[in-house]
Trainee: 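Let me begin by handing over the structure; questions about it come next.
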Number of protein chains: 2
Amino acid sequence: MKNKITLKELAKLLNVSISTVSKALNDSPEISTKTAERVKELAKLHNYRPNPVAVNLKSSKSGTIGVIIPNISNSFFARVLSGIEAEAQRAGLQVITYISNEKLEREKQICDMLTTGYVDGVLIAVAEETQRKKEFDHLYQLVDYGIPVVLYDRINFDIPADRIGIDDVGTFADVTRRLLAKGIKKIGIATTIHHMGVGKLRIDGYKQALPENRTFYIANSARPEVLKEKTEKMLVVDKVEAVICTDYVSTMRVYRTAYEHEINIPKDLKVIGFIGKEFANFLTPSISYIDQFPEEMGAGAMQLLEARLNNYNKDKSNSERILKTSLVDLESTRF
Amino acid sequence: MKNKITLKELAKLLNVSISTVSKALNDSPEISTKTAERVKELAKLHNYRPNPVAVNLKSSKSGTIGVIIPNISNSFFARVLSGIEAEAQRAGLQVITYISNEKLEREKQICDMLTTGYVDGVLIAVAEETQRKKEFDHLYQLVDYGIPVVLYDRINFDIPADRIGIDDVGTFADVTRRLLAKGIKKIGIATTIHHMGVGKLRIDGYKQALPENRTFYIANSARPEVLKEKTEKMLVVDKVEAVICTDYVSTMRVYRTAYEHEINIPKDLKVIGFIGKEFANFLTPSISYIDQFPEEMGAGAMQLLEARLNNYNKDKSNSERILKTSLVDLESTRF
DNA sequence: CTGAAAGCGCTTACAG
DNA sequence: CTGAAAGCGCTTACAG
């Protein structure tokens, strides 16, 4: 068990003061080139690294940021995390990961812990339960504590924080219009997240794009059995010609239901999914999907946070960044 | 921007010394009940929380552990992380996440950073490139530095560390035997990880289970086009009756290839995948899969690390924990 | 150019 | 039972 060498030990070996060693290593102009070289050489020899905890204590920074993820099994969030990590690495920051499992209680605990000074800033996608119960006190608490907060993905809340996400309404309106333009009349939407902000917006986009008096077909439930029933009704009874899905689970549900009822995709049913390319390309048939570039969202969120960290007091107004999405055409919408 | 209250300020408000406040809050028996109560009351009122950085500096611990993940988009690792996070939370530890992207260079950087004292321990699934190049110096370096290391999932290396994984040989031998028992003769295996330890073991298990002189059918490549070709040969030319897959990508490849060549699953081809339940149940048809309980692996890895952290010097021998796997029968293996 | 001193926020042996 | 002091490993204004 090798022990890490400290400034003090280095100073003793060099017969100079701790201050001198510290300054030399930090390239202070106060120090003579000669001394600086001696110090650096020995430091290198012993593979000296400043103890980050001590540095943090001095600077009252932690050099880490906290990321709150609602559900890491969702590959979207996993990929967002990947983008965050890459950007944090570039900025020399450590990423502490917290998983809320979509639970308000857990999210509160996490925020509580974050106010104690573990992190310099927080990236969060607000948990489903939190949105449903509209309880945001713990988030305000973070902000009041002076901890910069950036909302990602789930951003339509009235909280004074920077945010990054996609144009949910626009994206879904656009996709709906594309189907209409191809002459498809009966278009349905499937969702398991209709009670969440993003879900509502996506449904809104769908509705806005449909012509007046056109019937809406909506299969919405977070409960698997209910979603299944509603999807079956939409596909088998209502016989929609196309379905747009707002999330992973509803996308897969539509696929399964079509399969079970021997409805041919894309001949009898076009499907546009909201899933990642790592699934979309492999499904049978492959599925056209809306790409929301998760890694970019993560990197962007991190950049917003960095901007805050670097001049927190200068700019009080909150910024919002909306990322472009892209519809990728695969087999499930072929004509 | 509320400023956090410190021990010093608390002491001043109470007209006692900093030591007294500290002891009172830490339930030292030295302090009178009366004083302790006064202190605690005020601390509560001001929502006092000890600065973790200062505590860490005193204790020479960081209260955080590092998790190195090769590829977070792989839902297996995402779920492992979920298990780690849950267990860490229980133990009051913070989890810093690092993503190696299967790269040796990045893994080295991470290990380098970890030796500076950011974390008390490390959980790692060794990157693919690292395994291929057999360069483990950076891992030895961690161990030499006295940082407890736990290997998870990818565990067949000669590194003095605790480890947790599955019985790859046994699992694949068992699955192969099950197919044989149903009277299936031509069994193939598809893999994109044949150059990795776990991949080799899984293929070994498959080979061991087949009777003498039985032909092996192996579609192995990490390159998508090559894998596709080999899979096509296996399904179309060799006409195997069943395929066992060692990983997510090969599983999806087999599905796609069967679909493209109109090979009916399960009538003409049985498939056993190595993917998570979140995909398996939704595919069309649903796919029988080997469940390796990722969350349990994560929690188990964390527990091994906790054990190390709590008595690092007492027990020098390394422990290994092998988790049970389970074959879940769904539509792709129906007779 | 170098070093002594103060201080970041805590804990804990030691003295009283 | 309470408090002064030392110290964890650094940085940095200040003195020389």
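Everything numeric here is computed off the predicted structure, so don't read it as measured data. Below, read A as the first sequence line, B as the second, and so on, with proteins coming before strands; counting in each chain starts at 1.
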Trainee: Which is it for A/Glu295 and A/Ser82 under the side-chain hydrogen bond (donor to acceptor under 3.5 Å, both in side chains) test, yes or no, and what are the steps along the way?
Mentor: CA-CA 6 Å; A/Glu295 289 85 358; A/Ser82 179; 5.1 Å; no
Trainee: Give every residue pair that meets the ring pair (Phe, Tyr, Trp, His ring centres under 6.0 Å) criterion with at least one member in residues 119-143 of chain A, sequence neighbours excluded.
Mentor: A/Phe136-A/Phe157
Trainee: Take the protein atom CD1 of B/Ile5 and the nucleotide atom C1' of C/dC10, then report the distance between them rounded to whole Å.
Mentor: 15 Å
Trainee: Round to the nearest Å and state the distance from A/Ile31 atom CD1 to C/dC1 atom C1'.
Mentor: 7 Å
Trainee: Check every strand shown and say whether A/Ser32 touches a base, only sugar-phosphate, or nothing at a heavy-atom separation below 4.0 Å.
Mentor: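 Since only primed, P, OP1 and OP2 atoms lie under 4.0 Å of A/Ser32, the category is sugar-phosphate.
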Trainee: Please tell me which of B/Thr20 and B/Ala54 maps to the more 5' nucleotide of DNA chain D, matching each residue to the nucleotide holding its nearest heavy atom.
Mentor: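 The 5'-side residue here is B/Thr20.
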Trainee: Run the side-chain hydrogen bond (donor to acceptor under 3.5 Å, both in side chains) check on A/Tyr98 and B/Gln94 step by step: do they pass?
Mentor: CA-CA 8 Å; A/Tyr98 302 91; B/Gln94 315 293 311; 2.4 Å; yes
Trainee: When you look at CD of B/Glu41, are more than 12 heavy atoms from neighbouring residues, nucleotides or ligands closer to it than 6.0 Å?
Mentor: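 Open.
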Trainee: What is the separation between atom CG on B/Leu57 and atom C1' on D/dT11, rounded to the nearest whole Å?
Mentor: 13 Å
Trainee: Just call it for B/Val16: base, sugar-phosphate, or nothing, with non-hydrogen atoms closer than 4.0 Å on any strand.
Mentor: sugar-phosphate
Trainee: Would you say D/dG9 has OP1 or OP2 under 4.0 Å from some side-chain N or O of A/Thr6?
Mentor: no
Trainee: In whole angstrom, give the distance that lies between atom CG of B/Leu14 and atom C1' of D/dT2.
Mentor: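 After rounding, the reported distance stands at 13 Å.
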Trainee: Report the residue (B/Thr35 or A/Arg49) whose heavy-atom-nearest nucleotide on DNA chain D is the more 5′ of the two.
Mentor: B/Thr35
Trainee: Just how far, in rounded Å, is P of C/dG7 from CD1 of B/Ile18?
Mentor: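 Taking CD1 of B/Ile18 and P of C/dG7, I get 12 Å after rounding.
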Trainee: Taking a pair as Watson-Crick (N1 to N3 plus N6-O4 or O6-N4) or G-U wobble (N1-O2 and O6-N3), both under 3.5 Å, which stems of 3 or more consecutive pairs involve DNA chain C?
Mentor: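 Correct response: C:1-3 with D:14-16, C:5-12 with D:5-12, C:14-16 with D:1-3.
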Trainee: What is the distance from CD of B/Glu9 to P of C/dG9, rounded to the nearest Å?
Mentor: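 B/Glu9 atom CD is separated from C/dG9 atom P by 8 Å.
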Trainee: Report the distance from atom CG of B/Leu10 to atom C1' of C/dT11, rounded to the nearest whole Å.
Mentor: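 Rounded to the whole Å, the gap is 15 Å.
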Trainee: Within the 4.0 Å heavy-atom criterion, would you say A/Asn26 contacts the bases, only the backbone, or no part of the nucleic acid?
Mentor: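 Since only primed, P, OP1 and OP2 atoms lie under 4.0 Å of A/Asn26, the category is sugar-phosphate.
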Trainee: Any side-chain N or O of B/Ser59 below 4.0 angstrom from OP1/OP2 of C/dT11?
Mentor: no
Trainee: Determine whether the side chains of A/Ser32 and A/Thr35 contain a donor N or O and an acceptor N or O closer than 3.5 Å.
Mentor: yes
Trainee: Between C/dG9 and D/dT2, how far apart are the P atoms? Round to whole Å, please.
Mentor: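 To the nearest whole Å, 25 Å.
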Trainee: Would you mind telling me which of C/dG3, C/dC10, D/dC8 lies closest to the side-chain atoms of A/Glu30?
Mentor: C/dG3
Trainee: Counting only side-chain nitrogens and oxygens, does B/Ser17 get under 4.0 Å of the OP1 or OP2 atom of D/dT2?
Mentor: no
Trainee: Can you see if the side chain of B/Lys8 gets near the phosphate of C/dC8 - specifically, an N or O under 4.0 Å from OP1 or OP2?
Mentor: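 Answer is yes, contact under 4.0 Å.
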Trainee: Quick one: is C/dC8 close enough that its OP1 or OP2 comes under 4.0 Å of any side-chain N or O from B/Asn51?
Mentor: no
Trainee: Run the salt-bridge test on A/Glu296 and A/Arg79 with the 4.0 Å N-O cut-off and return the result as yes or no.
Mentor: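 Answer for the salt bridge query: no.
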Trainee: Nearest-nucleotide wise, let me know which of B/Lys23 and B/Tyr48 is further upstream toward the 5' end of DNA chain C.
Mentor: B/Tyr48
Trainee: I want to check something: taking the side chain as every heavy atom from C-beta on, are B/Lys8 and B/Lys12 in contact at a cut-off of under 4.5 Å?
Mentor: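 No, their side chains stay 4.5 Å or more apart.
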Trainee: Return the value, rounded to whole Å, for the distance between atom CG of B/Leu7 and atom C1' of C/dC8.
Mentor: 13 Å
Trainee: Mark yes or no for a side-chain to base donor-acceptor pair under 3.5 Å between A/Lys58 and C/dG7, with no hydrogen or angle criteria applied.
Mentor: yes
Trainee: Across the strands shown, which category fits B/Ser19 at heavy-atom distances under 4.0 angstrom: base, sugar-phosphate, nothing?
Mentor: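 B/Ser19: base contact, heavy atoms under 4.0 Å.
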Trainee: Determine whether B/Lys61 and B/Val55 make a side-chain contact, defined as any pair of heavy atoms from C-beta on separated by less than 4.5 Å.
Mentor: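 Side chain of B/Lys61 against side chain of B/Val55, heavy atoms only: no contact under 4.5 Å found.
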